[in-house]
Number of protein chains: 2
Amino acid sequence: MATDQTRTAILTAAERLYAERGFSEVTLRDIVAEANVNLAAVNYHFGSKDELIAELFVTRSIALNRERLRELRAAEEAGGGRADISDILRALVGPILRGCLGPENQRSPVAQFMIRASIESVPPIRRIKTKEIDHLRKFAGAMRRALPDSAEVDLFWGLHFALAMAHHTIRESERLTKLSDGQCDLDDVEDVIARVVRGAVLGLTARDQAAKSKVKVAAREAR
Amino acid sequence: MATDQTRTAILTAAERLYAERGFSEVTLRDIVAEANVNLAAVNYHFGSKDELIAELFVTRSIALNRERLRELRAAEEAGGGRADISDILRALVGPILRGCLGPENQRSPVAQFMIRASIESVPPIRRIKTKEIDHLRKFAGAMRRALPDSAEVDLFWGLHFALAMAHHTIRESERLTKLSDGQCDLDDVEDVIARVVRGAVLGLTARDQAAKSKVKVAAREAR
DNA sequence: AATAGTTTCATACAATTGTTTGAAACGCAA
DNA sequence: TTGCGTTTCAAACAATTGTATGAAACTATT
């Protein structure tokens with residue numbers, strides 16, 4: 001056995017390169033060069049390039065979802081079965097943000113790979129991705145319990161927007177840094193998480209203000 | 001001259017295919033088959049595949065930015081030099097959302113192409129994309145005038161989150177529909193725009209609640 | 001030491017990619 | 001019509017891709 005050095009070497013090399021350059025920009029030859037293994041090793045150990053990608057994605061996807069659910073359950077237990085909406089959303093976006101941002105994780109492409117996977121639409125991943133909806137439904141359920149008076153459609157939008165802010169922050173971190181001249185500190189991961197969660201929670205809870213805002217818009221459009 | 005049928009045939013075919021499948025999944029042969037022209041026509045008229053992509057991107061990018069600025073200026077004029085923050089963000093996300101969503105635009109890949117371009121990191125576009133930051137700075141400036149008491153870093157985050165929600169909604173429209181069992185109606189474009197703008201505005205203006213929220217978090221972490 | 005099973009390796013293969021070529025077809029002024 | 005510049009076309013090109021092959025090297029049980 002010997003924990004199969006070649007296999008893991010390929011996996012880590014592939015993940016790093018995919019995270020850095022994207023799927024379509026990385027060839028098998030790039031991977032084996034990075035892993036210092038023979039070209040045929042990929043097909044020998046994984047069968048095909050697609051199966052390598054799929055294995056990477058499934059592994060990371062399971063780990064991410066497990067961490068998310070762990071934090072969600074912890075929050076619900078702490079709240080006696082009904083978690084605070086902030087904690088629910090923190091469980092949703094925290095793990096992926098912690099995995100992608102921060103000075104220490106800049107070099108560790110573990111979660112950066114997941115973002116790539118969620119962005120680029122490559123066949124082997126597209127085939128698997130349907131299951132993520134079931135995973136998100138669990139969070140929608142927790143949100144429903146946390147905000148029983150909210151309309152369900154608003155909960156879905158809130159969940160969607162939370163993921164939007166998290167993913168977009170990871171994808172466009174470089175641009176945001178440039179745009180803000182470094183004022184937006186993407187290395188302060190917990191601050192980023194707090195901003196994302198706060199933004200999503202505000203949209204979900206500030207209902208009275210929404211009414212005010214609507215009146216204002218209506219007034220503006222009336223004149 | 002004759003308006004160069006071949007050129008435009010290639011452009012529209014390429015844009016449609018790129019919007020549908022993504023850059024890496026479309027070959028020159030796919031494009032020329034769709035456009036009913038000879039393979040060599042692409043290199044004859046555009047020089048290379050990269051230059052074709054670049055021309056597409058630049059053209060669309062200019063049109064989108066022009067529309068955004070037009071709406072921004074209209075809002076600022078209506079407000080006597082100081083536009084409402086909602087209107088500023090509406091000018092930012094409205095054009096791209098209108099171009100991508102809605103039942104009539106589902107088939108028109110004009111703006112869908114732009115999303116692909118902003119997602120997939122293809123070299124010819126990456127080279128151009130830096131200019132977009134200058135464009136966004138104009139919106140940051142307008143936001144500063146609208147909310148002079150806000151910290152600049154918060155404005156950048158608000159701008160960033162507004163784009164996040166807009167882009168993510170376009171990218172993941174299918175998933176959101178599935179997740180919500182069709183409750184989130186992505187054909188109602190103006191409702192989507194209103195939700196995105198409202199979410200971003202809340203994050204920018206609900207300052208008092210932020211303080212409350214922080215206290216709450218601190219309390220939770222203290223125990 | 002001998003053998004059977006596993007893993008590695010250099011190399012070749014077939015397919016696909018963007019690009020080039022040179023001749024044919026076309027458009028149109030002289 | 002003639003001639004010239006532009007555009008089209010079929011074919012070929014060189015490079016790159018994922019994959020397959022069969023021999024060699026290795027590992028470990030007997």
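These numbers come from the heavy atoms of this one structure, side chains and all, not from hydrogens, waters or symmetry mates. Residue numbers start from 1 in every chain, and the chains themselves are labelled A, B, ... in the order their sequence lines are given, proteins ahead of strands.
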*Can you list every ring-ring contact (aromatic ring centres under 6.0 Å, His included) pair that touches residues 7-35 of chain A, not counting sequence neighbours?*
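Non-adjacent pairs meeting ring-ring contact (aromatic ring centres under 6.0 Å, His included): A:Tyr18-A:Phe23, A:Phe23-A:Phe113.
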Can you tell me the distance, in whole Å, between the [atom1] atom of [X] and the [atom2] atom of [N]?
{"X": "A:Tyr44", "N": "D:dC26", "atom1": "OH", "atom2": "C1'", "result": "12 Å"}
{"X": "B:Gln5", "N": "C:dG27", "atom1": "CD", "atom2": "P", "result": "11 Å"}
{"X": "B:Asp4", "N": "C:dC26", "atom1": "CG", "atom2": "P", "result": "17 Å"}
{"X": "B:Phe46", "N": "C:dG18", "atom1": "CZ", "atom2": "C1'", "result": "15 Å"}

*asked:* The criterion is salt bridge (Lys or Arg N to Asp or Glu O under 4.0 Å); which residues satisfy it with A:Arg126, sequence neighbours excluded?
replied: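 Here no residue qualifies.
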*Nearest 0.5 Å, what's the CD-OG distance between B:Glu172 and A:Ser118?*
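Between B:Glu172 CD and A:Ser118 OG, I get 6.5 Å after rounding to 0.5 Å.
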*Under the side-chain hydrogen bond (donor to acceptor under 3.5 Å, both in side chains) test, which residues partner A:Thr27, sequence neighbours left out?*
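For A:Thr27 the side-chain hydrogen bond (donor to acceptor under 3.5 Å, both in side chains) partners, ignoring immediate neighbours, are A:Asp30.
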_Protein proximity profile, nucleotides 10-21 of chain D - base contact B, sugar-phosphate-only contact S, no contact -, cut-off 4.0 Å on heavy atoms_ = B-B----BBBBB
What side-chain donor-acceptor pairs closer than 3.5 Å can you find for residues 135-142 of chain B, not counting sequence neighbours?
residue  : atom : partner  : partner atom : Å
B:His135 : ND1  : B:Asn65  : OD1          : 3.4
B:Arg137 : NH1  : A:Leu179 : O            : 3.0

Determine all donor-acceptor pairs shorter than 3.5 Å in which one atom belongs to a side chain in residues 157-169 of chain A; sequence neighbours excluded.
residue  : atom : partner  : partner atom : Å
A:His160 : NE2  : B:Thr169 : OG1          : 2.9
A:Thr169 : OG1  : A:Met165 : O            : 2.5
A:Thr169 : OG1  : B:His160 : NE2          : 2.9

_Taking only side-chain N and O atoms of A:His45, does any of them lie within less than 4.0 angstrom of OP1 or OP2 on C:dT6?_
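So the side chain of A:His45 is outside the cut-off, no N or O lying under 4.0 Å from OP1 or OP2 of C:dT6.
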